[in-house]
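Report on the following structure.
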Amino acid sequence: MRILSIDYGKKRTGIAVTDPLQIIAGGLATVSTSELYDFLVNYIAREPVERIVIGKPLQPNGQPSENLQRVQQFVNRWRNHQPQVPIEFYDERFTSVLAHRAMIDGGLKKKARQDKALVDEISATIILQDYMRSRSNRQS
């Protein structure tokens, strides 16, 4: 089963997913946040998903960011209507910075780096990679 991650934004949300063996994380899509719930329900109907990891928006000092309330509302809705697929928070601090760094290191031109949808998808991938790494470290 796959693990899916979400970089939840006010307007757009980046989504990443693992392969079925949970070895590799890759970007899946960027969707309008208003369409996120339906997108996930449809995706999970086609692909088995073990769990969802959603970035917990915190400021660098650990305090909640202004987006946390929206994320919490989405998580509560998911838990109430889709309890068969657990959703959990994962610290997303600095993922946007890391996404931009990955884009630069990958040789993307400035115009491509300004694509906010791509940044969101890469951020979701970084959240998922970090989650998988931390889970692997806990199991070791």
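All values derive from a computational prediction rather than experimental measurement.
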Inset, instruction - Give a yes or no on whether Gln84 atom CD has more than 12 heavy-atom contacts from other residues, nucleotides or ligands under 6.0 Å away. - result: yes
Legend entry - Ser134 side chain reached by Tyr90 side chain, heavy atoms, under 4.5 Å: yes
Check residues 19-26 and write down every donor-acceptor pair under 3.5 Å in which the side-chain atom is one partner and the other belongs to a residue at least two apart or another chain.
from  : atom 1 : to     : atom 2 : distance (Å)
Asp19 : OD1    : Ile23  : N      : 2.7
Asp19 : OD1    : Ile24  : N      : 2.6
Asp19 : OD2    : Leu21  : N      : 3.1
Gln22 : OE1    : Arg135 : NH2    : 2.5
Gln22 : NE2    : Met1   : O      : 2.7
Gln22 : NE2    : Glu50  : OE1    : 2.8

Legend entry - Approximate separation, where rounding is to 0.5 Å, of Leu36 CG and Trp78 CH2: 8.0 Å
Legend entry - Closest non-hydrogen atom pair, Gly9 against Thr33: O-OG1, 2.6 Å
Inset, instruction - State, yes or no, whether a side-chain contact exists between Ile44 and Phe39 at a heavy-atom distance under 4.5 Å. - result: no
Inset, instruction - Check the hydrophobic clustering (I, L, V, M, F, W, Y; side-chain heavy atoms under 4.5 Å; chains of links allowed) and say if Leu58 and Ile6 are grouped together. - result: no
Inset, instruction - Check whether any side-chain heavy atom of Arg2 lies under 4.5 Å from a side-chain heavy atom of Thr18, and answer yes or no. - result: yes
Inset, instruction - For Thr13 and Asp7, run side chain to side chain contact (heavy atoms under 4.5 Å, CB included): C-alpha distance rounded to whole Å, both residues' side-chain angles, the deciding distance at 0.1 Å, then the answer. - result: CA-CA 6 Å; Thr13 295; Asp7 180 37; 5.7 Å; no
Legend entry - Min side-chain heavy-atom separation Leu4-Leu40 under 4.5 Å: yes
Legend entry - side chain to side chain contact (heavy atoms under 4.5 Å, CB included) between Ile87 and Arg51, worked out: CA-CA 6 Å; Ile87 188 167; Arg51 71 182 52 252; over 6 Å; no
Legend entry - For the student: nearest non-hydrogen atoms of Pro57 and Val71, plus distance: CG-CG2, 3.8 Å
Inset, instruction - State plainly whether one hydrophobic cluster holds both Tyr43 and Tyr37, where clusters connect Ile, Leu, Val, Met, Phe, Trp and Tyr through side-chain heavy atoms under 4.5 angstrom apart. - result: yes
Inset, instruction - Would you mind reporting whether Ile3 and Val49 have side-chain heavy atoms less than 4.5 Å apart? - result: no
Inset, instruction - Could you pull out all residues at least two apart from Thr30 that satisfy side chain to side chain contact (heavy atoms under 4.5 Å, CB included)? - result: Arg12, Ala117, Asp120, Glu121
Inset, instruction - Taking the six-membered ring of Tyr8 (Phe, Tyr or Trp), confirm whether the NZ or CZ of Arg70 is under 6.0 Å from its centre and within 45° of its axis. - result: no
Inset, instruction - Please round to the nearest 0.5 Å and tell me the distance separating atom CD of Gln129 and atom CD1 of Ile127. - result: 10.5 Å
Inset, instruction - Quick one: do Ile15 and Val31 satisfy side chain to side chain contact (heavy atoms under 4.5 Å, CB included)? Show the steps, please. - result: CA-CA 8 Å; Ile15 304 167; Val31 299; 3.9 Å; yes
Inset, instruction - Carefully, step by step, assess Phe74 and Ile54 under the rule side chain to side chain contact (heavy atoms under 4.5 Å, CB included). - result: CA-CA 10 Å; Phe74 177 82; Ile54 189 166; 4.0 Å; yes
Inset, instruction - Check whether any side-chain heavy atom of Asp38 lies under 4.5 Å from a side-chain heavy atom of Glu35, and answer yes or no. - result: no
Legend entry - From CG (Leu68) to CD (Gln73), nearest 0.5 Å: 10.0 Å
Inset, instruction - Flag yes if Ile52 and Val17 sit in one hydrophobic cluster, no otherwise; membership is Ile, Leu, Val, Met, Phe, Trp, Tyr, and two members link when side-chain heavy atoms are under 4.5 Å apart. - result: yes
Legend entry - Reported OG-to-CG distance for the pair Ser123 and Leu128, which is rounded to 0.5 angstrom: 12.5 Å
